[in-house]
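To start, the structure itself, in structure tokens.
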Amino acid sequence: METPFQRDQLDNQILEALMEEARTPFAELAKRFAVSAGTIHVRVEKMKQAGIITGARITVDPKALGYDVCCFIGINLKSAGDYPAAISKLNALEEVVEAYYTTGNYSVFVKVMCQSIDGLQHVLINRIQSIDEIQSTETLISLQNPIVRGVKP
């Protein structure tokens with residue numbers, strides 16, 4: 001049986017640095033943490049194999065792309081068995097950028113990005129609420145996103 005990957009302080013430092021700037025060269029990280037670039041490479045590869053590092057991304061400002069409306073929609077399904085079909089249909093909507101299967105007041109909670117309130121109205125009425133498996137929705141419009149960060153390693 002394979003032993004689970006045990007992170008140490010160096011692994012956590014590498015993760016924090018790469019989460020801040022994924023394109024940081026291994027040689028720069030090696031200097032910063034007083035180890036060889038080979039050590040950084042091996043550590044990163046081990047964290048990839050362990051499923052801790054799953055990729056590298058660039059982030060974009062949605063407003064700079066014209067997406068001025070961010071909202072969250074709580075969705076109640078007609079029945080629990082409707083979840084797979086509803087998720088499949090929601091996944092087909094490009095405006096739905098995140099979805100969560102939740103406990104509490106809603107079966108599913110989604111984050112939706114639109115270019116305008118009119119666009120949101122169209123997506124909500126003609127695309128989301130028209131999904132057969134959805135019983136009801138509640139929409140919360142985001143006014144600000146003052147905290148954005150990943151988890152601390």
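Between F26 and H41, the ring-plane angle classifies as tilted under the 30° and 60° cut-offs.
Side-chain contact between I75 and I131: absent, with no pair of heavy atoms (C-beta onward) separated by less than 4.5 Å. Residues C70 and N145 fail the side-chain proximity criterion, which asks for heavy atoms closer than 4.5 Å. The side-chain heavy atoms of I128 and L90, taken from C-beta on, include a pair separated by under 4.5 Å. The shortest side-chain heavy-atom distance between V110 and L93 does not fall under the 4.5 Å cut-off. For the pair R32/T24, a side-chain contact is recorded, criterion being any heavy-atom separation below 4.5 Å from C-beta on. Residues V44 and L29 are not in side-chain contact: their nearest non-hydrogen atoms beyond the backbone lie 4.5 Å or more apart. With contacts defined as side-chain heavy-atom distances shorter than 4.5 Å, the pair I73/F109 does not qualify. Residues K78 and E133 form no side-chain contact, since every pair of their non-hydrogen atoms from C-beta on lies 4.5 Å or further apart.
A pairwise comparison of heavy atoms in S107 and L77 identifies OG-N, 3.5 Å as the closest pair. The two atoms that bring P153 and R7 nearest to each other are C-NH2, 3.4 Å, heavy atoms only. Here the shortest heavy-atom pairing between A22 and A56 reads CB-CB, 4.0 Å. Y106 approaches N76 most closely through the heavy-atom pair CA-OD1, 3.6 Å. The two residues V97 and M113 make their nearest non-hydrogen contact at CG2-CG, 3.9 Å.
With sequence neighbours excluded, the residues that form a side chain to side chain donor-acceptor pair (under 3.5 Å) with D8 are R43. Under the ring-ring contact (aromatic ring centres under 6.0 Å, His included) criterion, Y67 pairs with no residue, sequence neighbours left out. Partners of Y101 according to the ring-ring contact (aromatic ring centres under 6.0 Å, His included) rule, which considers only residues two or more places apart in sequence or in another chain, are Y83.
Clustering ILVMFWY residues whenever any of their side-chain heavy atoms sit less than 4.5 angstrom apart, transitively, puts I52 in the very cluster that holds I40.
When the shell of 6.0 Å around CD of E98 is examined, it contains more than 12 heavy atoms from other residues, nucleotides or ligands. Counting non-hydrogen atoms of neighbouring residues, nucleotides and ligands closer than 6.0 angstrom, the CD atom of E20 reaches no more than 12 such neighbours. No more than 12 heavy atoms of other residues, nucleotides or ligands sit less than 6.0 Å from atom CG of L143.
For S130 (side chain) and N126 (main-chain N/O), a donor-acceptor pair under 3.5 Å exists by modelled atom type.
Residues K31 and E28 are not paired through a salt bridge, judged by the lack of any N-O separation under 4.0 Å between the basic side chain and the carboxylate.
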